[in-house]
There are 2 protein chains.
Amino acid sequence: MNDSVLTPERILAAAEDVLRRYGPGKATVVDVAQALGVSHGSVYRHFASKAALREAVLRGWLARSMAPLQAIANSRTPPPARLRQWFTTLRQAKRDNVLGDPELFATYSALAAEAGDAIAEHKERMQQQIASILAAGMASGDFRELDPPAAARALFDATARFHYPGLSHLWNQPGEDVAFTRLLDLLLAGLAPAPTPPRRRK
Amino acid sequence: MNDSVLTPERILAAAEDVLRRYGPGKATVVDVAQALGVSHGSVYRHFASKAALREAVLRGWLARSMAPLQAIANSRTPPPARLRQWFTTLRQAKRDNVLGDPELFATYSALAAEAGDAIAEHKERMQQQIASILAAGMASGDFRELDPPAAARALFDATARFHYPGLSHLWNQPGEDVAFTRLLDLLLAGLAPAPTPPRRRK
DNA sequence: CGAATGACAAATATTGAAATCTGTCAGTCG
DNA sequence: CGACTGACAGATTTCAATATTTGTCATTCG
């Protein structure tokens, strides 16, 4: 088990494994050290605290889960469809995690609840992706004039019901899919160019 | 303390008091009985279980908290402004509860987490109020054609971030007010009549 | 010499025995 | 007679003793 030198990467991998196996409540840094065949004092050489180690694991997971969304944000699908696809994928990914491996999901939810900054930064990056889609849509005339970061935040907030992990207990109810689709319809309607509703001008 | 006969109402009042005083974790039905000067066996004569008693207390609270919203829903303010006022009031009421008496709010959140039906019914009534405002707006031409119950659900979901108690930890952050206003702007834009954006007709 | 160890204090978690609580019901009391 | 009691069994909670874990650091090892 103790092949090469002890690196942060190897510790991270072991920590992930231990967390997966024992869950967030039982995983100790002694367990991690044991899995690596070293003393627990050694892991403190690379991570300042147990909290730091856990946060690092979380960051890795968040980065990996972000990749498919980034790809969609960068695609050349027409912006309205791209935005829809982005949110649908976000929701589906979360949903698959909860339904597919509830324990692992609970583990990452627990880590997320501890680590403040990592989550805030992750949300920030997500909203930047949304904002880039909005900017593309404004350029193409598919969306009305708006402040991309502010609108991105509004969209992210509006869909929280369907992607915020703390609300995952609502995701199994019947009619959840149509409700989500209807919400996206409403939001996209709100983004469409408005040709001056009541009186017409020019 | 034991004036008149023992009625469900008196028990309910005592239970509310005990819950307020001891919190959801410590309040026992023995405490409630004691506050009324009767044996705890007597309260089981009026409520089938501790859970039923707690749910009854919750129902009372929900009914009371609903009144001001009902008044707004019934008012004759122009539908878009009325809708905005309804959601703003909803959010503000929740906010005041959290900031004003966090312990009491936590108590009711705990009760809400236990009682399934009461909450589902409450949400249903809330959405009916929204739907009635939407129907009024369609009649007055302020809103486009839509399915009021479905759109009400979408609006309720979209604003969950700002009124779902489980997310109350987010309500103190700076910029929360503007974010909420922007979300309402976006949603109201999505409800506005759309005069066929690209090509004009009629 | 630098990486790793392991003994240690303080903080945190686990355990299980004792206490309390829920829900029932035969019996009392007015 | 019917509202109320209180003793009771089983479930749940509390609490304090015990064990584990975190984080440090003087010492060892290669």
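Proteins come first, then strands; the chains are lettered A, B, ... in the order of their sequence lines, and each starts at number 1.
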Heavy-atom nearest nucleotide on DNA chain C for B:Ser49 versus A:Gly41: which residue maps closer to 5'? A:Gly41
Taking five pairs at each terminus, the helix from C:dC1-D:dG30 to C:dG30-D:dC1 shows an axis bend, to 10°, of 10°
Please report, rounded to the nearest Å, how far the P atom of D:dC4 is from the CG atom of B:Leu36. 11 Å
Distance in Å, A:Ser75 OG paired with A:Ile133 CD1, rounded so as to fall on 0.5 Å steps: 7.0 Å
Could you tell me the separation between the CZ atom of B:Arg45 and the P atom of C:dT22, rounded to a whole number of Å? 18 Å
Taking CD from A:Glu114 and P from D:dT22, how many angstroms apart are they, rounded to a whole number? 12 Å
What is the distance, to the nearest angstrom, from the CG atom on A:Leu6 to the C1' atom on C:dG2? 14 Å
In whole angstroms, how far is the P atom of D:dT21 from the NZ atom of A:Lys50? 9 Å
Would you sort out whether B:Gln70 and B:Arg125 count as a side chain to side chain contact (heavy atoms under 4.5 Å, CB included), showing the intermediate values? CA-CA 10 Å; B:Gln70 185 66 263; B:Arg125 265 168 286 155; over 6 Å; no
Just compare C:dG23, C:dA4, D:dT22 and give me whichever is closest to any side-chain atom of B:His40. C:dG23
Less than 4.0 angstrom between a side-chain N/O of B:Ser42 and OP1 or OP2 of D:dT5, yes or no? yes
Among side-chain atoms of A:Glu176 and A:Asn172, is any donor-acceptor pair under 3.5 angstrom? no
Of the candidate nucleotides D:dG6, D:dT22, C:dT24, which contains the atom at the shortest distance from the side chain of A:Val29? D:dT22
Among the nucleotides D:dT21, D:dC4, C:dA4, which one has an atom lying closest to any side-chain atom of B:His46? D:dC4
Taking A:Arg84's backbone N and O only, do any of them form a donor-acceptor pair with A:Thr88's side chain (distance below 3.5 Å, no angle check)? yes
Rounded to whole Å, the CD1-C1' distance (A:Ile11 to C:dA4) equals 12 Å
Given C:dT14, is OP1 or OP2 found less than 4.0 Å from the side-chain N or O atoms of A:Lys26? yes
For the pair A:Thr159 (side chain) and A:Leu155 (backbone), establish whether a donor and an acceptor sit closer than 3.5 Å, ignoring hydrogens and angles. yes
Can you figure out which of C:dC21, D:dT24, C:dT24 approaches the side chain of B:Thr28 most closely? C:dC21
Nearest-Å distance, OH (A:Tyr22) to P (D:dT20)? 15 Å
Hey, does the side chain of A:Arg82 reach the backbone of A:Ala73 with a donor-acceptor pair shorter than 3.5 angstrom? yes
Upstream residue (5' side of DNA chain D) when A:Val30 and B:Gly25 are each assigned their closest nucleotide: B:Gly25
Distance check needed: C:dA9 C1' versus A:Tyr44 OH, whole Å only. 14 Å
Side chain of A:Trp171, backbone of A:Arg161: donor and acceptor closer than 3.5 Å? yes
